[in-house]
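Worth knowing before you read on, the calculation uses all heavy atoms, side chains too, and leaves out hydrogens, waters and symmetry mates. Below, read A as the first sequence line, B as the second, and so on, with proteins coming before strands; counting in each chain starts at 1.
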Amino acid sequence: MDYDFKSIESKWQAYWAANKTNKAVEDASKPKYYVLDMFPYPSGAGLHVGHPLGYIASDIYSRYKRLRGFNVLHPMGYDAFGLPAEQYAIQTGQHPEVTTMQNIARYRSQLDRIGFSFDWDREVRTCDPAYYKWTQWAFLKMFDSWYDPEAGKARPISELVARIEKEGYEDVTQEQWASADEKEKSDILMRYRIAYLGETSVNWCEGLGTVLANDEVKDGLSVRGGFPVEQKKMKQWQLRVSAYAGRLLDSLDRLDWSDSLKEMQRNWIGRSDGTEMVFNTVCEGRELPVTIFTTRADTVFGVTFMVLAPESELVDQLTSSAQKEAVAAYIKEVKKKTERERIAETKTVTGVFSGAYGINPLTGEKIPVWISEYVLAGYGTGAIMAVPAHDSRDYAFAKKFNLPIVPLIEGCDVSEESFDAKEGIMCNSGFLNGMTVAQAIEAAKDYVEAHGLGRRRTNYRLRDAIFSRQRYWGEPFPIYYKDGIPCPVDEADLPLVLPEIDSYKPTGEAPLARAKDWTYKGYPLETSTMPGFAGSSAYYLRYMDPHNDKALVDRAVNEYWRSVDLYVGGTEHATGHLIYSRFWNKFLYDLGYVCEDEPFRKLVNQGMIQGRSNFVYRIVGTNKFVSLGLKDNYETTEIHVDVNIVHNDRLDLEAFRAWRPDFADAEFILEDGEYVCGWAIEKMSKSMYNVVNPDLVCDTYGADTLRLYEMFLGPVEQSKPWDTKGIDGVNRFLKKFWRLFHDRDNWLVTDEKATPAELKVLHKLIGKVQEDVENFSYNTSISAFMIAVGELAQMKCSKREILEPMVIMLSPFAPHITEELYHQLGHDSSVTTASFPEFIPALAAEDNVTYPVQFNGKMRFTIDLPKSATPAEVEAAVRASSQTEKYVTGLTIVKVIVVPGRIVNIVVR
RNA sequence: GCGGGUAUGUUGAAAUUGGUAGACAAGCAAGACUUAGGAUCUUGUGCCCCGUGCGUGUGGGUUCGAGUCCCACUACCCGCACCA
């Protein structure tokens, strides 16, 4: 009987679906383990072989944990709101929901073919009203909360109101509050709510007709679509993520994530400890204190000018009448630039003198105040003290505008460039003279605080998340406007269902503005929708209790599953989803809705699967194609060719002629009768014709081979090109494994007792697989299987005692073939209900140890000794060996090093 | 510029964490079986001047012993980037 993967795979996939084999049920008698994949956005292109990589890795781990007696939660769903479906709708008029459902169906059928152990009863879709009810609910909770920096957590806004009424808070006095009208009260509270409506400079993308969050913009272009993005002041919903910056940073230390990912988040959060200092300024007799932020308080004696951001509110007040025109012209010029231009021109220095002067609080010196775009309004206070000698940006500015440069560190040379390093001994710096920079920073901070000139302050780069999108295909905000005051929709009225609209074409206003009766209690509803990350921020919680319509997740259920034990996904979410989710979770934790303050305890980043593109070389001006080795003899153009008609870099000529009409009469110049294609590693994409579809691999080799091959390709974390060449190896392994059970006509498995040699093969394998799977080192554990199967084949061992444990161990990797064999072995339950075989080290141990014997570190020969031999016995045996004699003639043994079980090294002179 | 990572045969890679470098595959070569093979099975395969030789990006160091540890450098990949 041959290994017929097609019938085996479809048979068991149907069986698992019918029997709900992978259903997860809360069970207090078993330890839980929660394995999560980053759920996909169902794009129109379907899956390529790169997508399932992480899913396979996590599926292996889930199945392994199940064999080890854990109650495993391993769900899957779809991040289904998003731009591509809406843009398709704009082009075709088809409702995004229709497109989305079609794509989901396609994804599901592709996923099902690979044999994942997902509990599909727990599937979530972010675009499902029953799901986004809880996205809206969380938003309402954020709207109804503020961040109390004293308690270090979010609290209900009613507690803030109570406090203001009783004693005022920050700059809001009791009296002000008492006399405020509804609108004013709303405005005051808006400054504190976690979800708030605020005017801010936002990334506006004209091409997409919407605002975008910082992580959705790269190099001044939108990540989706690549349209230019400009800065615009707009009133938008925002989430006060910045309030959590400190906590998001601190608890990173407790997470089992890769260093690089944690570092990325640390950079994104961007903590910097510095000093806020007040400089008094004078402009035509008007005095105005200006607060600046610096991390280099020690350099205050070298301040030769100050700079304001062009967008700073202080600009108007600090512009003298003489400079008014020049400043206005400069600001106009700056505003005209797109974000992209501003980034591209970071090297060119621009700026204008404001006409005002500041007073250095330590020296009393009078310094000019300038305005320049190199100072950012959104960071610190939007104003800086400039120390050109020790800051390269200030230096460039000072050079351009001929401002003085005062060096503050002994022996530093600032004639050509600034000295930015935080090292050396201070000079020209009054009481700081003679200190090291590190000492001076602290001393200066102390001085500033002691003399009431400012205070220590920690700044974060992390900004609040802009939460509004002027789009259709997203969650509607549960907010309506009563006389212009934003009010929350009653929780009982959630979900607020996305209305139908007649056309998806952009008109300049938000699509929901066109919806009929988009009102609540007679008042207009908010017309923006939520961004993509809204629905993905708490989906891992919803999987715990996906059908609950009373709560996001039931308290007791949450206490059982707690948080994700293993999260598998790509690094591309480092500064988006993974920050927002952590924020969202911490917020829910503060209010007591969830029991863990971090959502993802361990995170594994799977690498990307790159494409391996193939090329043909067309001789310019002809329809003749020349093989790789001969192409240098001609003038050629390189053309991407579909990798599916190339095997081992040899072109299938007939398939090539049939591929595209213009190649139908192609001629070839061959080498050795074959056309050899060139190749390159590139991103897997349609346009490069290097996309490999997993369905195709399942058709030709089967899902088990696909799974094994993707894991055998290399470590899960590493990016690697897809190269179908090696796939035969793992396929051969499965066939070999099958042949331990079957030959052409017979069932070979016997109940004979296994020999010690056979048990050794088995137990060595158990030990290896156990260790490797725990470390996600799947490629080496597959190697171990190959070795074991080879050895058993050699021994002609087909004993149940050996093979049955192997079937169980292999089942996480290749679930279909093992399910078939497990049933053939006489079981009528699924292999997933089996237990991982127990590792007995004694059975795996070798009786003898082969010691490599080195002389002065060079290996010369090996010697077999009993495992029990003591180091002294080993040394004696080695000294007595005739081999040793050969290598020491004429020399003396200085010392013999014996590492028990490892090696013997003899030092000779 | 700042931060993180990687570097081993023709290719993907492994190395018990300081102890026989190249496991296991792929590719290639030779052979067997076969009407045939993109099937199956053997065997070989780091390099060379074939030795007590050389060899894990380069140059040093520590050690009886270094792919692994330390120092300096180079190349590539990823992230951030006028963040004061």
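The distance from the CD atom of Glu717(A) to the OG1 atom of Thr571(A) is 11.0 Å, given to the nearest 0.5 Å. Between atom CE of residue Met264(A) and atom CG of residue Asp259(A) there is a gap of 11.5 Å, rounded to the nearest 0.5 Å.
In the set C24(B), C64(B), U16(B), the nucleotide with an atom closest to the side chain of Lys895(A) is C64(B). Nearest to the side-chain atoms of Asn779(A) among the listed nucleotides A13(B), G19(B), A84(B) stands A13(B).
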Could you go step by step and tell me if Met786(A) and Phe712(A) meet the side-chain contact (heavy atoms from CB on, under 4.5 Å) rule? CA-CA 11 Å; Met786(A) 289 177 171; Phe712(A) 191 62; 4.2 Å; yes
Is there a side-chain contact (heavy atoms from CB on, under 4.5 Å) between Phe397(A) and Ser372(A) once you walk through the steps? CA-CA 9 Å; Phe397(A) 196 82; Ser372(A) 172; 3.5 Å; yes
Starting from the C-alpha separation in whole Å, work towards a yes-or-no answer on side chain to side chain donor-acceptor pair (under 3.5 Å) for Ser272(A) and Asn459(A). CA-CA 5 Å; Ser272(A) 82; Asn459(A) 257 329; 5.5 Å; no
Can Asp394(A) and Tyr374(A) be said to form a side chain to side chain donor-acceptor pair (under 3.5 Å), step by step? CA-CA 9 Å; Asp394(A) 297 345; Tyr374(A) 86 89; 2.6 Å; yes
Could you give me the CA-CA distance, side-chain angles and deciding distance for Tyr330(A) and Glu373(A), then say whether side-chain contact (heavy atoms from CB on, under 4.5 Å) is met? CA-CA 10 Å; Tyr330(A) 178 70; Glu373(A) 58 181 335; 3.6 Å; yes
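In this structure, the side chain of Arg463(A) engages the main chain of Arg461(A) through a donor-acceptor pair within 3.5 Å. With hydrogens and angles disregarded, a donor-acceptor distance shorter than 3.5 Å links the side chain of Asn775(A) to the backbone of Glu771(A). Judged by distance alone, with hydrogens and angles left aside, the side-chain atoms of Thr884(A) form a donor-acceptor pair with the main-chain N or O of Val878(A) at under 3.5 Å. Of the possible polar contacts, one joining the Lys720(A) side chain to the Pro715(A) backbone as a donor-acceptor pair under 3.5 Å is found.
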Please enumerate all protein N or O atoms sitting under 3.5 Å from an N or O of nucleotides 70-80 of chain B, with distances to 0.1 Å.
from: C80(B); atom 1: OP2; to: Lys218(A); atom 2: NZ; distance (Å): 3.2

Show me the protein contacts with nucleotides 47-53 of chain B, counting only N or O atoms at under 3.5 Å.
none

Between protein and nucleotides 38-41 of chain B, what N or O pairs are separated by less than 3.5 Å?
from: U40(B); atom 1: O3'; to: Arg739(A); atom 2: NH2; distance (Å): 3.4
from: C41(B); atom 1: OP1; to: Arg739(A); atom 2: NH2; distance (Å): 3.0

Is there any protein nitrogen or oxygen under 3.5 Å from a nitrogen or oxygen in nucleotides 4-11 of chain B, and what are the pairs?
none

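Rounded to whole Å, atom P of A26(B) lies 13 Å from atom CZ of Phe733(A). Rounding to whole angstrom units, CE of residue Met859(A) and C1' of A66(B) are separated by 17 Å. A14(B) atom C1' lies 13 Å from atom CE of Met786(A), rounded to whole Å. In this structure, the OH atom of Tyr851(A) is 16 Å from the C1' atom of G65(B), given to the nearest Å. Rounded to whole angstrom, the span from the NZ atom of Lys764(A) across to the C1' atom of A23(B) amounts to 12 Å. If you measure from atom NE2 of His390(A) to atom P of A84(B), you get 17 Å, rounded to the nearest angstrom. Look at CG on Asn731(A): it is 11 Å from P on A26(B), rounded to the nearest Å. For Glu417(A) and C82(B), the CD to P distance is 20 Å, given to the nearest whole Å.
Of the residues in residues 765-775 of chain A, not one places a heavy atom less than 4.0 Å from an atom of RNA chain B. Near RNA chain B, meaning a heavy atom under 4.0 Å away, the residues from residues 371-383 of chain A are Tyr374(A), Val375(A), Leu376(A), Tyr379(A).
For G65(B) and G19(B), the C1' atoms lie 7 Å apart once the distance is rounded to whole Å. Atom P of G18(B) sits at a distance of 22 Å from the matching atom of A23(B), rounded to the whole Å. On the C1' atoms, A81(B) is 8 Å away from C2(B), given to the nearest whole Å. Separation of the P atoms belonging to A21(B) and G27(B) is 28 Å when rounded to the nearest angstrom. Comparing the P positions of A13(B) and A66(B) gives a spacing of 27 Å, expressed to the nearest Å. As rounded to the nearest Å, C64(B) and G59(B) have C1' atoms that lie 24 Å from one another.
Val290(A) approaches Ala383(A) most closely through the heavy-atom pair CG1-CB, 3.8 Å.
Figure legend: cation-pi geometry between Arg582(A) and Trp257(A), with NZ or CZ positioned under 6.0 Å from the six-membered ring centre and within 45° of its axis.
In this structure, the side-chain hydrogen bond (donor to acceptor under 3.5 Å, both in side chains) partners of Arg296(A), at least two apart in sequence or on a different chain, are Asp298(A). Scored by the side chain to side chain contact (heavy atoms under 4.5 Å, CB included) test, Asn731(A) finds Tyr701(A), Thr705(A), Lys735(A) as partners (sequence neighbours excluded). Residues meeting the side chain to side chain contact (heavy atoms under 4.5 Å, CB included) test with Val406(A), sequence neighbours left out: Thr304(A), Leu408(A), Asn428(A).
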Side-chain donor-acceptor distances from residues 894-905 of chain A under 3.5 Å, at least two apart:
from: Asn905(A); atom 1: OD1; to: Asn856(A); atom 2: N; distance (Å): 3.4
from: Asn905(A); atom 1: OD1; to: Gly857(A); atom 2: N; distance (Å): 3.1

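Each ring pair (Phe, Tyr, Trp, His ring centres under 6.0 Å) pair with one or both residues in residues 883-902 of chain A, not counting sequence neighbours, appears once here: Phe855(A)-Tyr887(A).
Classification of U43(B) as anti follows from a glycosidic angle more than 90° from 0. A glycosidic torsion no more than 90° from 0 defines the syn conformation, and G9(B) adopts it.
Where Thr348(A) and Pro715(A) meet RNA chain B, the nucleotide closest to each residue was compared, and Pro715(A) sits on the side nearer the 5' end. Comparing Asn905(A) and Thr780(A), the nucleotide of RNA chain B nearest to each residue sits closer to the 5' end for Thr780(A).
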In dot-bracket, 5' to 3', how would RNA chain B read with Watson-Crick or G-U wobble pairs under 3.5 Å, [ ] for crossing ones and | for pairs to another strand? (((((((..(((......[....)))((((((.......))))))(((..).))..(((((..]....))))))))))))....
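With respect to Arg879(A) and Glu885(A), no salt bridge is recorded, no charged nitrogen being found less than 4.0 Å from a carboxylate O. A salt bridge links Glu846(A) with Lys760(A): the distance from a Lys NZ or Arg NE/NH1/NH2 to an Asp or Glu carboxylate oxygen falls below 4.0 Å.
Classification of the Phe813(A)-Phe785(A) ring pair by plane angle, with boundaries at 30° and 60°, yields perpendicular. The aromatic rings of His577(A) and His573(A) stand perpendicular to each other, their planes meeting at an angle above 60°, with 30° marking the opposite boundary.
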